[in-house]
Protein chains: 2
Amino acid sequence: MLTERFLRNKRNVSLSLGERECLEAAISEVQTIEPRRVLVKAGDKLDHSTLLIDGIMSRHIDDHNGLRQLVAIHVPGDFVDLHAYPLKTLDHDVASMTTAVVGMVPHGKLDDIISERPQLGRKLWYATLLDAAIHRAWLFRLGRLAAVGRIAHFLCETNARLAAVGLSDGRQFPLALTQTDISEICGLTHVHVNRVMRQLREERLCIFRSSVVEILDPVGLAARGQFDPTYLYIDQ
Amino acid sequence: MLTERFLRNKRNVSLSLGERECLEAAISEVQTIEPRRVLVKAGDKLDHSTLLIDGIMSRHIDDHNGLRQLVAIHVPGDFVDLHAYPLKTLDHDVASMTTAVVGMVPHGKLDDIISERPQLGRKLWYATLLDAAIHRAWLFRLGRLAAVGRIAHFLCETNARLAAVGLSDGRQFPLALTQTDISEICGLTHVHVNRVMRQLREERLCIFRSSVVEILDPVGLAARGQFDPTYLYIDQ
DNA sequence: TGGGCAAATTAACTTTTATCAACACGAATA
DNA sequence: TATTCGTGTTGATAAAAGTTAATTTGCCCA
């Protein structure tokens, strides 16, 4: 089922089978996207939103020097640009980081869902607010944490998000990002990311190699990143 | 009218008179709050949301050393914690920065609005997504801009937001924040904020003194902060 | 009018991170 | 097997921002 990971294990919002089928039916088309494709540019007018089924996608804002700040990454089960439904245009770009499989959901079908199934509509709203909660955690990361903490926090978050949708066992997970990607997420240079990665390795906290993250000391890594997963609103 | 500034001058979402009256009627109580009061702690269960009528409020996340990162500031017309309506608990604290006048809106009344006036419900959703768009701009600010740029960007944003609700003439506006507040917004120390403020003053870009911001060179300041107001979704 | 106090300001010094420049490694390919 | 290219790694140096500690300013109030 394409929507099986949507809001999976999220507090207060388990979808009924009927709701899940309804959402599934709203997917007009499934596409496979190459890695590193920019799908949406800031300002584009959108008539559909994108449910990520497989792979990793990102949202970013460009600066005047052609550098970019990632403002979100998305894992399977996330509605990548659902906020484009009320907002109509986006304030940032959307891109694939890996090969990605996505389901396109026309906004017209969302209109139908809202009017026919207001409870499901509320859950879509909720999904966009989870995104905002993650934005806030990223603000904390960038504003208050030094380089080691930022990367530790990011790795803990990604582990928790992937675990919630069954893509991490809590210790180890595939993550096909480069150190440059991490630098664009954490507001650092790729050179400094490399140094921090070595430090995490030497302190036996975490190893990130060959597109696999292995967390050796989950408690220690969380402490380094002052990571508290409450903001992810994961069940239990 | 208490709700007169809500979504004022925002693109695609002008409220009809009926909608505004409906929202007005949903305010159960108006309160005046002293400066520097923490109204909501992370994790609190909320049964109402707060419309800011006058003053400045903030949302922040505490770190392990008792320092805080502000994740949002709110100006009159903003629904400070509307996202608590779908989420039920917050991931951060809410506080007043100045003396503030707020309208309390019970979540039960929002339920009624959603079911009886789905169009207005959509606009409430929209309002929470504007918050998220501002979060993303703050991520850009913290992740890609150096100290001068961060402060320039913040001052431009605040000017634009206040101007949209009639509280700035585009050049000068009252802003009762301390340099320490700015440091908690921009992820800097208050000492460094002070140095940057002097620099902005010496470059004749902006003067912030006695709780008044005076923008001497709007274009220059925006350039310094790479500020593009599109993300605020302001009309025109 | 003189304390008291929060906020602003400044200086000296330290730490962190960026910048610049090589070089190494490994997978894909000719 | 040699080549290429993206990615990772390392070192030297510079720049930015943090830390610590005074000092000043402006304002409220006894």
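Within every chain, numbering begins at 1; the chains are lettered A, B, ... in the order of the sequence lines, protein sequences first and strands thereafter. Worth saying up front: this structure is predicted, and the values here are computed from it rather than measured.
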Side-chain atoms of residues 3-10 of chain B: list all donor-acceptor pairs with protein atoms under 3.5 Å, sequence neighbours left out, distances to 0.1 Å.
residue : atom : partner  : partner atom : Å
B/Thr3  : OG1  : B/Glu24  : OE1          : 2.7
B/Arg5  : NE   : B/Val165 : O            : 2.8
B/Asn9  : ND2  : B/Ala164 : O            : 2.8

Does [X] have any salt bridge (charged side-chain N to carboxylate O under 4.0 Å, His left out) partners at least two apart in sequence or in another chain, and if so, which?
X	answer
B/Glu203	B/Arg224
A/Glu29	none
A/Arg36	A/Asp181

_Test side chain to side chain donor-acceptor pair (under 3.5 Å) applied to A/Ser96 - qualifying residues, sequence neighbours left out_ = none
*Residues two or more places apart in sequence or in another chain: which of them pass side chain to side chain donor-acceptor pair (under 3.5 Å) with B/Asn194?*
B/Gln179
_Show me the pairs that pass salt bridge (Lys or Arg N to Asp or Glu O under 4.0 Å) and involve residues 138-154 of chain B, at least two apart or across chains._
B/Arg141-B/Glu157
*Please list all pairs passing the ring pair (Phe, Tyr, Trp, His ring centres under 6.0 Å) test where one or both residues lie in residues 140-178 of chain A, with sequence neighbours left out.*
A/His153-A/Phe227
_Does the protein touch nucleotides 13-20 of chain D at the base, only the backbone, or not at all? Give it as B, S and - per nucleotide, heavy atoms under 4.0 Å._
----BBBB
*Using the heavy-atom set of chain B and a strict 4.0 Å cut-off, write down the first and last nucleotide of DNA chain C that makes it in, 5' to 3'.*
C/dA7 to C/dA12
_Residues in contact with DNA chain C, drawn from residues 63-74 of chain B - heavy-atom cutoff 4.0 Å_ = none
*Could you give the angle between the helix axes at the two ends of the helix from C/dT1-D/dA30 to C/dA30-D/dT1, with five pairs per end, rounded to 10 degrees?*
30°
